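In what follows, a single structure is set out as structure tokens and then discussed.
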2 protein chains.
Amino acid sequence: MTGATTPARGRRRSEQTRLAILTAAYELTTEVGFPDLTIEGIAARAGAGKQTVYRWWPTKADVLLEALALKADLKVSTADQGSFDAELDAFLRDSAALMAFPGVVPVLRSLMAEAQRDADFRRRFQDGFLAKRRAALETVVERAAARGDKPAHLTAAFAADLVFGLIWYRVLATERLLGQDDITAIRRLLNEHPGEE
Amino acid sequence: MTGATTPARGRRRSEQTRLAILTAAYELTTEVGFPDLTIEGIAARAGAGKQTVYRWWPTKADVLLEALALKADLKVSTADQGSFDAELDAFLRDSAALMAFPGVVPVLRSLMAEAQRDADFRRRFQDGFLAKRRAALETVVERAAARGDKPAHLTAAFAADLVFGLIWYRVLATERLLGQDDITAIRRLLNEHPGEE
DNA sequence: CCATTATCGAGACGTAACGTCTAGAAATAG
DNA sequence: CTATTTCTAGACGTTACGTCTCGATAATGG
């Protein structure tokens, strides 16, 4: 039913308008903050009609979620680097780099906050962002397991909970960002081998 | 100036009304959710005037923060148990128990979300909740250090980031709560000793 | 080349909650 | 009894919401 059907006739969606809306949303968020961000404001700044925004995005948070992908480099390194530790290091550096993008941290805060308020957006945020990041890190751990490189007792899911937990807690509850010392500490922690088994 | 002065004359603040407001806020949140929670609704349910709520609390989130302390047992065990591992276990069990209180998880989500939107509340939430929890866990780690019980390379601050990171990430980004297996995994991870130094 | 269809910008509309403010009753202290 | 403070109750203007209407603009199909 809802397949990739119907090229359809009629006027096509304007890519230029789409980009203008995403850019306006991202910039406005850094200027006035997410709570004072309004669909009306986004449309006005983008030179678009309010209806145009409502047609394509259900909420302002969804606009911002898509704008994030446009503004920041969301690529994470999962390439085989030979060892678990090297791939973990690459992953952590990429994550730190992402959050160094101007405006990314406030946007991440806003999106996670909105995910607590709106159950529908929560699902879209999970699928469109959180799950992808998790999958990347879990890939690294699972490859380590296949290689016989993985510390005992460390599951992919638990490793992801730990790493993303640390990152998100820093973002949401503190002012400290992920630094080189943190990366070192995480690598040391996840690479330790208990004597047993 | 703003000391603990002035017993003052005039009518005293009604403790009964205060409790009615806190209870109403807590119950309403579980019923309609934080976004649809309104000061008007709280006042109406409590049989209080809107002005009475505004007089004592700056935002609805502050009402809920105080209601949380009223409804849930916020005590965390930091008593000396002889070993780092035993105290860590007690702390984690207490944390899991707190979140098993009915309604606590949704309230925690709402408060953390609100802390992202309102910088002033963010500070009050830090001081009135987050910092206290951190201090409890850091006490445990520091006592372990004094005892010579603490794993090398583990700082109190980093341990707190890890543990609270895991807990909060679970609450905010997943549906899984802290279980016995998680407690076991954390204890194992934080008690491992690298060979060096 | 014309009818059809979908998108576009612009803005009017009723609704809902906001936070402030006023008013009079109730409680407490000197 | 007088001054002071909190209490419930509700009116008030403001603001953004999401929906809806409108005429214009593009793209397709016959």
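Every value quoted in this text rests on a predicted model; they were computed, and no experiment measured them. Keep in mind that the numbers below use all heavy atoms, side chains included, and drop hydrogens, waters and symmetry copies. The chains referred to below are lettered A, B, ... by the order of the sequence lines, with proteins before strands, and numbering in each begins at 1.
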(message) Return a single string for nucleotides 13-20 of chain D, one symbol per nucleotide in 5' to 3' order, where B is base contact, S is sugar-phosphate-only contact and - is none, cutoff 4.0 angstrom on heavy atoms.
(response) ---SBBBB
(request) Please check the phosphate of C/dC8 (OP1 and OP2 only) for any side-chain N or O of A/Trp56 closer than 4.0 Å. (result)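 So the side-chain polar atoms of A/Trp56 do come within 4.0 Å of the phosphate oxygens OP1 or OP2 of C/dC8, strictly under.
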(message) Check this one for me: any side-chain N or O of B/Thr17 less than 4.0 Å away from OP1 or OP2 of D/dT6?
(response) no
Between [X] ([atom1]) and [N] ([atom2]), how many Å, whole number?
X	N	atom1	atom2	answer
B/Arg18	D/dT5	CZ	C1'	19 Å
B/Leu19	D/dC7	CG	C1'	16 Å
A/Glu15	C/dT7	CD	C1'	14 Å
B/Arg117	C/dC18	CZ	C1'	14 Å
B/Leu28	C/dA17	CG	P	12 Å
B/Arg45	D/dT8	CZ	C1'	18 Å

Nucleotide nearest [X] when distance is taken to its side chain, options [options]:
X	options	answer
A/Arg13	D/dC7, C/dT7, D/dA3	C/dT7
B/Arg9	D/dC7, C/dA29, C/dG9	C/dA29
B/Arg12	C/dC8, C/dA29, D/dG29	C/dA29

(request) Using the six-membered ring wherever Trp is involved, compare the ring planes of A/Phe125 and A/Trp168 and label them parallel, tilted or perpendicular (cut-offs 30° and 60°). (result)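 Geometry flag for A/Trp168 against A/Phe125: perpendicular rings.
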(request) Report the distance from atom CG of B/Leu65 to atom CZ of B/Phe121, rounding to the nearest 0.5 Å. (result)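 Spacing of CG (B/Leu65) from CZ (B/Phe121) equals 5.0 Å.
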(request) Classify the side chain of A/Arg11 and the base of C/dT7 as holding, or not holding, a donor-acceptor pair under 3.5 Å. (result) yes
(request) Indicate yes or no for a side-chain donor-acceptor contact from B/Asp149 to the backbone of B/Phe84 under 3.5 Å, with no hydrogens or angles considered. (result)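 Flag set: sc B/Asp149 to bb B/Phe84 pair under 3.5 Å.
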(message) Taking the basic N atoms (NZ, or NE/NH1/NH2) and the acidic carboxylate oxygens, is any pair closer than 4.0 Å for A/Glu175 and A/Arg109?
(response) yes
(request) Please say whether the positively charged group of A/Lys71, taken as NZ for Lys or CZ for Arg, lies over the ring of A/Phe101, i.e. under 6.0 angstrom from the six-membered ring centre and within 45 degrees of the axis. (result) no
(message) Does the Lys NZ or Arg CZ of B/Arg18 fall within the cation-pi geometry relative to B/Trp56 - under 6.0 Å from the ring centre and within 45° of the axis?
(response) no
(message) What I want to check is whether the side chains of A/Thr184 and A/Asp181 have a donor and an acceptor closer together than 3.5 Å.
(response) no
(message) By the 4.0 Å heavy-atom rule, please label B/Thr52 as base, sugar-phosphate, or nothing.
(response) base
